[in-house]
Amino acid sequence: MKVEFFKHSIQEEDIQNVVNTLNSVFLTTGPLTCQFEKKFAEFTGLQHIVALNSCTAALHLALLALGIGPGDEVITSPMTFIATATAITHTGATPVFADVIQKNGLIDPNCIVSAIGPKTKAIIPVHLYGTMVDMKALRQIADQHNLFIIEDAAHCIEGERDSIRPGQLSDAACYSFYATKNLTCGEGGALGTNNNDLAKKIRLLRQHGMSKEAADRYNGTYQHWDMVELGWKYNFNDILSALLINQIDRLHHQLEQRNHLYEQYIAALVGLNITIPEIIGKSAYHLFTVWVPAHRRDLVLKELGNYGIGATVNYRAIHTLKWFKQQFGYLPDAFPNAFEIGSCTISLPFYIKLKTEELLYVVNCLKKILNRSQ
Ligand SMILES: *Cc1c(COP(=O)(O)O)cnc(C)c1O
């Protein structure tokens, strides 16, 4: 049997929508991008969504728009994809890591407080695997120390904790539509915010700081545009908006389906020598991750591969990666919980097209591998 790590669930109606767009006038940031932004804003409950070409771009622009740059420090988690930290570095600011909670891999509010110094300007929490960080606690810390909060919500479009959703207690939430994300068009992202001025600024910065976007320029007779800021080329487009727009209607149902798969996995995995990360509140069920004994992790990955099962690592603690080590001189045990999780973690196939027999095959193979001597 071959079990892919991920299969998207793009449907015929999405493909047809793309074809219709290809047969229309507008391919770049136009009316469909605008429609997508409105519809996604409704889904997230936020006032503004600005569509961008990646979540990395959203993180980068959010930091820039909030005035963060050289000399500043931004606190984030070492248990994340590298983009969370490199977006900080690209502004000229310094990423400062705070360790995570052992049971769930989420950034630890106590470690954030210890990491705050005179240069600290913002916190970027990461809603790992779909479970939200304690945003109420973070809001309190941010208020006490006058800090911005930008959420890395790449794993968490649908999640909720203490009746709070991404973007609600922060300055901005950053979403990803990368190939393996819950809502996907291959590559894409968005920034969500309730702050009018911030949304306006991000719109400007996503398109070279030009006073008019393509759709405005197209409207009737030619009008001059001006360049009012130094911006980037981070805009989204109508072809990919066409691919995303109807997927939004299916998000709730797909979340229920993944929740069901999660329960199936948990029931089937009983008795194995593994740890399941704790879920708090309503998870977005983005990744299904198990923590195996560290000394066997790489072997388990290899043997899953031999059984035809796609598995991956989200993530090795990023302070242990070559560039971060060279740049900041971190030792592995600088953030012991993140290091430990990063050494134990394996993400298993988890998507609505995963069949029950495939799920049971994955679990049986994992059982065989873990029960072998050693
Ligand atoms: C996928 C991901 C990103 C980057 O998203 P892109 O859209 O590829 O830029 C950032 N942070 C986390 C936690 C992610 O999983």
Side-chain angles (χ1 to χ4, degrees), residues 5-6 8 33 36-37 40 44 49-64 74-91 95 97-98 100 104-107 122-133 135 149-159 166-167 170 172-192 202 205-206 232-237 240-241 243-244 247 258 277 283-289 312-319 321 324 338 341-342 345-348 350-351:
F5 173 68
F6 184 78
H8 66 71
T33 303
F36 166 71
E37 287 176 337
F40 193 52
T44 58
I49 288 288
V50 185
L52 301 163
N53 59 8
S54 71
C55 178
T56 309
L59 291 161
H60 186 205
L61 289 192
L63 289 160
L64 290 170
V74 178
I75 297 172
T76 192
S77 170
M79 181 39 59
T80 183
F81 182 58
I82 49 174
T84 322
T86 56
I88 298 167
T89 310
H90 280 306
T91 68
F97 295 121
V100 297
N104 52 38
L106 300 174
I107 195 166
I123 310 167
I124 308 186
V126 181
H127 305 311
L128 194 68
Y129 315 142
T131 296
M132 277 187 73
V133 167
M135 288 305 296
I149 306 177
I150 301 162
E151 291 167 74
D152 183 333
H155 293 186
C156 195
I157 290 173
E158 310 95 330
S170 67
C174 301
Y175 303 95
S176 174
F177 313 130
Y178 173 72
T180 55
K181 301 284 156 64
N182 293 353
L183 177 61
T184 183
C185 58
E187 298 285 355
L191 178 140
I202 300 288
L205 291 178
R206 78 172 168 183
W232 273 259
K233 174 67 182 178
Y234 282 166
N235 57 312
F236 201 50
N237 64 68
L240 296 179
S241 293
L243 195 49
L244 289 178
Q247 289 186 53
R258 287 195 309 279
S283 175
Y285 294 108
H286 174 54
L287 292 170
F288 186 82
T289 301
T312 186
V313 171
N314 306 93
Y315 303 91
R316 286 190 294 156
I318 62 175
H319 71 280
L321 302 180
F324 286 100
I341 292 168
T345 194
I346 295 180
S347 301
L348 298 175
F350 189 55
Y351 43 92

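Counting starts at 1 for both ligands and their atoms, in listed order.
- Taking 4.5 Å as the limit, every side-chain heavy atom of F5 sits out of range of all side-chain heavy atoms of Y351.
- Closest to atom 7 (O) of ligand 1, if we only count protein heavy atoms, is S176 OG, 2.7 Å.
- Residue contacts with ligand 1: T80 is placed with no nitrogen or oxygen under 3.5 Å of a nitrogen or oxygen of the ligand (distance criterion only).
- In this structure, Y315 counts as a contact residue of ligand 1, since one of its heavy atoms falls inside 4.0 Å of the ligand.
- In terms of polar-atom proximity, defined here as any N/O pair under 3.5 Å, D152 does make such a contact with ligand 1.
- Pairs of residues two or more places apart, or lying in two chains, that qualify as side chain to side chain donor-acceptor pair (under 3.5 Å) and include a residue from residues 150-159 are T84-D152, H127-E151, E151-S170, H155-Y315, E158-N182, E158-R258.
- Residue C55 approaches ligand 1 through these ligand atoms, each under 4.0 Å from one of its heavy atoms: 4 (C), 5 (O), 6 (P), 7 (O), 9 (O).
- The shortest side-chain heavy-atom distance between F40 and L183 falls under the 4.5 Å cut-off.
- Residue contacts with ligand 1 for A154 involve side-chain atoms from C-beta outward but no N, CA, C or O (heavy atoms, distance under 4.0 Å).
- Judged purely by atom type and a 3.5 angstrom limit, T184 uses its side chain to pair as donor or acceptor with the backbone of Y178.
- Looking only at heavy atoms of the protein, atom 2 (C) of ligand 1 is closest to K181 NZ, 2.8 Å.
- I346 places none of its side-chain heavy atoms less than 4.5 Å from the side chain of T289.
- Nearest non-hydrogen protein atom to atom 9 (O) of ligand 1 is T56 OG1, 2.5 Å.
- No close placement of the F350 and Y129 rings is indicated, their centers lying 6.0 Å or farther apart.
- Proximity of L61 to L191: side-chain heavy atoms (C-beta onward) are nowhere separated by under 4.5 Å.
- Using a 4.0 Å cutoff on heavy atoms, H127 does not count as a contact of ligand 1.
- Between V126 and ligand 1, not a single N/O pair is under 3.5 Å apart.
- Scanning Y178, Y129, F81 for the heavy atom closest to atom 8 (O) of ligand 1 points to Y178.
- Residue G188 approaches ligand 1 through these ligand atoms, each under 4.0 Å from one of its heavy atoms: 7 (O).
- Residue, atom and distance of the protein heavy atom nearest to atom 15 (O) of ligand 1 are H155 NE2, 2.8 Å.
- Atom OH of Y234 has more than 12 heavy atoms from other residues, nucleotides or ligands within 6.0 Å.
- The closest side-chain heavy-atom distance from S347 to V313 is not below 4.5 Å.
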